[in-house]
Amino acid sequence: MLFMQIIPAPQRHVPGNGFLRLGRELTVSFGDTVLAPLAEWFCADIERRTGICLTVGTKSGHADIDVALADDPEFAVVTPPLGVDPASPDTDESYILIVGDHRAQIKARQPVGAFRGLTSLLQLVAAAPRDSGGSVALQAQRLIDGPRFAWRGLSLDLARRFFPPVQIRRVIDLLALYKFNVLHLHLTDDVAWRIEAGRPAALRRPDGTFYTNSELQGLVDYAAKRFIAVVPEVDTPGHAAALVDLRPQLRSGRNVAHYKRVSGITQQSAWLDPELPETVEVMANVFQELAEIFPGRFFHVGGDEAWQMPDDVYRDYVRRLLPIVTALGKAPIGWQELVRANAAETQMIQFWMSQETFRGPGRGRPLPAETATLVAANAARTLADILDALRDHIKVVMSPSANCYLDVPYAEQSSDPAQALLHQHVGLRSYRPLRLEETFDWEPVTALGSDAKPLDVAGVEAAMWCETVQNFGDLTFALLPRLAGIAEKGWSMATSWTDHSTALGWHARLWNQDGLAFFRAESVPWSRRAAW
Ligand code: TNX
């Protein structure tokens, strides 16, 4: 059997006979000038990872690697994606990659497809062992590939932890490596308001604790070159204590709440009160300013855990907020609680509350009683949220906490004793720790419930909450290897844990090339040739 190192696994994969030998110097031809930026990216990345030096040739047909925009009758066998494309409904990510015994060839109908094909080839070349002369041998094969879901994302909590843009770019590179197309930035929360928009004029001077508009613009551009849409999240009405601190006129006398964290420390929370005229005014200005930076179709409005906010006031807030977003030409998306407002503008929600992640009795440090009561009351409504969404034909981005929350502690040990401390502090202790195989064991459509149909699913998104993450090393320890498993669920049809974990074993090599710390789970057959 041919050994498959590509993550996520391609739709169709036909092994061939023989090998393609790639030496230290290769020519690659790109059949169309619109592919020039891809050529630049591909050559630089291959060289950085492997030392193989690629020269871009002009004449198609004679190169070791040939990339072209072309149609092909074989594209007809690709199953078109389900769900919602974050960039445009006309996006076509499919590609054909042929590794023959003399050359490799990629065909795609759009540049994004060429990028996906190049990414597969890059994984094959970079994960393959090299001989003493530095060349690699790839087995002949033919891939015909395209995604299962059109929306494949990572939500990154930049409120609980500030990562400088240079580190966020490394996360974007990692997303591109696994064919994700959405970076959802959770930019505001109770503990911090990380954007310029909404800050009073006197507090807009860059101080390294929030992102300037031009830094955000830089991230949007960097991601766009990798075919990743950035979806900004401004989380309201709950989780808004930081904004209320910045703008005390948003205090209404009833909108400050408190809850206790696992540590027992009391955390302040606040919800935005729609009865204050300033509330709507501030939020309209915030979205207006963000619309100038984020060109994408979607804005995330949050909507989760508005602790101690009466339901009717929540509804009123959401119904005032969403028309502001749609008037800017943006489609709102929110956490699953958003359906409770029953607003006409709600077209997409993000499902997150899977019951089984919350720690039962006797499973270690439970949440303080009063917080546990709040969380449990919210979680008890999860089924109704989803049934309401399905009834109203609202599309659902799947982020069930048991499968997509990268801050759920790892249950297995690391095969590297030096990771013991990291293992102890990364991950929220209020969740039941899960083994990689358990988090991998899910199906995005059936996870939505027995009433759900494939068309109800907009896509799949991992969520990286950063309460327990202190630095970039902690971040990538939590991202890897689970993020690669979520890529599988978003792009591929059923892949077994055995196949996936075998492929993971080889991908350590890529993470090492990128200098990324990862959890060396004892349950993964790490390839010794992947060398740490
Ligand atoms: C719930 S998920 C939250 C976040 C926390 C996360 C920790 C969601 C919409 N809200 O505020 O960071 O749990 O896993």
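Note that the structure is predicted; figures quoted are calculated from it, not measured. Each ligand, and each atom within it, is numbered from 1 in the order the structure gives.
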- Note on the structure: among protein heavy atoms, the one nearest atom 3 (C) of ligand 1 is Glu305 OE1, 3.4 Å
- Query: Hey, is Arg391 close enough to Asp388 for a salt bridge, meaning N to O under 4.0 Å?
  - Reply: yes
- Item | salt_bridge(Glu196, Arg199) N-O dist < 4.0 Å | no
- Item | Ring-face cation contact, Phe518 with Arg520, 6.0 Å cut, 45° max | yes
- Message: With a heavy-atom distance limit of 4.0 Å, tell me whether Leu428 approaches ligand 1 through its side chain, its backbone, both, or neither.
- Response: side chain
- Using a strict 4.0 Å cut-off to heavy atoms of His239, name the atoms of ligand 1 that fall inside it. 11 (O)
- Message: Rounded at 0.5 Å granularity, tell me how far CD1 in Ile7 sits from OH in Tyr178.
- Response: 5.0 Å
- Message: For a quick test of reading the model, state the closest non-hydrogen atom pair linking Asp189 to Ala159 and the distance between them.
- Response: CB-CB, 3.5 Å
- Query: Quick one: which of Tyr211, Phe210, Phe472 gives a ring pair (Phe, Tyr, Trp, His ring centres under 6.0 Å) with Phe162?
  - Reply: Tyr211
- Query: What about Trp352: any of its N or O atoms under 3.5 Å from an N or O on ligand 1?
  - Reply: no
- Query: In the protein, which heavy atom is nearest to atom 8 (C) of ligand 1, and how far is it?
  - Reply: Asp304 OD2, 3.3 Å
- Item | Nearest protein heavy atom with distance in Å, relative to atom 13 (O) of ligand 1 | Tyr431 OH, 3.3 Å
- Item | Heteroatom proximity flag, Asp407 to ligand 1, N/O under 3.5 Å | yes
- Query: Is Arg160 near ligand 1, meaning one of its heavy atoms is under 4.0 Å from it?
  - Reply: yes
- Query: Under the 6.0 Å and 45° cation-pi test, does Lys489 pair with Phe440?
  - Reply: yes
- Query: Is there a heavy atom in Gln350 that sits closer than 4.0 Å to ligand 1?
  - Reply: no
- Say whether Trp335, considering both its backbone and side-chain N or O atoms, lies within less than 3.5 Å of an N or O atom on ligand 1. no
- Message: For Phe298 together with Trp151, are the ring centres under 6.0 Å from each other?
- Response: yes
- Task: Quick one: look up the protein heavy atom nearest atom 5 (C) of ligand 1 and list residue, atom name and how far away it is.
- Result: Glu467 OE2, 3.3 Å
- Task: Report the nearest protein non-hydrogen atom to atom 2 (S) of ligand 1: residue, atom name, distance rounded to 0.1 Å.
- Result: Tyr405 OH, 2.4 Å
